[in-house]
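Here is the naming used below: chain letters follow the sequence lines, and residue numbers restart at 1 for every chain. Model, not experiment: these values are computed from the prediction.
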There are 2 protein chains.
Amino acid sequence: MNPTEFYKNLADDIRLKSILLIAQEGELCVCELMAALAESSQPKISRHLALLKSSGLLLTRKQKQWVFYSINPDIARWAQQVISLTLKENIDFITPHLQALHLMGARPERIASCCE
Amino acid sequence: MNPTEFYKNLADDIRLKSILLIAQEGELCVCELMAALAESSQPKISRHLALLKSSGLLLTRKQKQWVFYSINPDIARWAQQVISLTLKENIDFITPHLQALHLMGARPERIASCCE
DNA sequence: TAGTTATATAATAATTTTATTATAAAATGA
DNA sequence: TCATTTTATAATAAAATTATTATATAACTA
């Protein structure tokens, strides 16, 4: 992934917010991102996540009926630093979405892989 | 400039390379960027620069017949850090363009503002 | 002043990206 | 098994971005 491709991934509101929310929370499933980004439809979010996955920025883990997305730890260090710097210095950019997320009822329970 | 807008500015080859070349060199005029990005036409480069200027990322200074573009020092600190981190960790991304630039004959002389 | 160099802009066409709607598939649970 | 929940995908439409070509402007130079 060259720098331009990397930044194309960040150059969209839904994609950037999803990345920052996932970076903040560790991992999130599609239904949690739907709750956080309440104004966006499910296929819209799914398509953007599919894009980020196919470019190698996100990983997925399937557990029961949920698909959890996380930041791929194998992306270049500078890219990880860009994401965490952007998150740290722009919390207000995702604050309302974090609030919506934490207000969400019935969040899927996470089961550590050791106990499945 | 919110984070998404900022990253839209970086999400194009000509724009990102121009930004990194300018960050590396301090300031560059359009004809120098044309020499560096030899494969791109003048109006193409001018239009992308106009975009970056209108979004507040670049400043211009006119000296004689040339227009010199530089990074606006007033953009958010995190944004400046993103640019310098990207530059530092991806020199190879612009190396051929820096070489073309330094091979360019008759680069416009810079006159410090004190001596104009 | 006429020609040249450097840069910008406008009009249009081409391309790419994004959204919408409908539907499918996979897993769960009654 | 049937209904429900969660997620993905496909088809199409809509919107946004980008490229191309032509032209304009401004400054310098002979």
For the side chain of [X], counting heavy atoms from C-beta on, which of [options] is nearest?
| X | options | value |
| --- | --- | --- |
| P43(B) | dT7(D), dT28(C), dT9(C) | dT9(C) |
| V30(A) | dC28(D), dA8(D), dT9(C) | dA8(D) |
| A50(A) | dT9(D), dA26(C), dA8(C) | dT9(D) |
| C31(B) | dT28(C), dC28(D), dA6(C) | dA6(C) |
| W66(B) | dT7(D), dT7(C), dT20(D) | dT7(C) |
| R47(A) | dT18(D), dA19(C), dT9(C) | dA19(C) |
| K8(A) | dA27(C), dT9(D), dT17(C) | dT17(C) |

>> So, does Y69(A) get its side chain near the phosphate of dA8(D), meaning an N or O under 4.0 Å from OP1 or OP2?
In response: yes
- Any side-chain N or O of K44(A) under 4.0 Å from OP1/OP2 of dA19(C)? yes
### Message
Can you tell me whether the side chain of Q42(A) and the base of dA8(D) have a donor-acceptor pair closer than 3.5 Å?
### Response
yes
Without decimals, in angstroms, what is the distance between [X] [atom1] and [N] [atom2]?
| X | N | atom1 | atom2 | value |
| --- | --- | --- | --- | --- |
| L51(A) | dA8(D) | CG | C1' | 13 Å |
| I45(A) | dT9(D) | CD1 | C1' | 16 Å |
| Q65(B) | dA27(D) | CD | P | 10 Å |
| H48(B) | dT7(C) | NE2 | C1' | 16 Å |
| K64(A) | dT7(D) | NZ | C1' | 17 Å |
| D12(A) | dT17(D) | CG | P | 11 Å |
| D13(B) | dA19(D) | CG | C1' | 14 Å |
| L33(B) | dA6(C) | CG | P | 14 Å |

Any side-chain to backbone donor/acceptor pair from [X] onto [Y]? Under 3.5 Å, distance only.
| X | Y | answer |
| --- | --- | --- |
| R15(A) | L51(A) | no |
| N2(A) | E5(A) | yes |
| E32(A) | C29(A) | yes |

Please tabulate, one pair per line, all N/O donor-acceptor pairs under 3.5 Å involving side-chain atoms of residues 68-78 of chain B, not counting sequence neighbours.
from   : atom 1 : to     : atom 2 : distance (Å)
N72(B) : OD1    : D74(B) : N      : 2.8
N72(B) : ND2    : G56(B) : O      : 3.1

Begin from the C-alpha positions of S84(A) and Q80(A) and carry the test side-chain hydrogen bond (donor to acceptor under 3.5 Å, both in side chains) through to its verdict.
CA-CA 6 Å; S84(A) 56; Q80(A) 299 187 44; over 6 Å; no
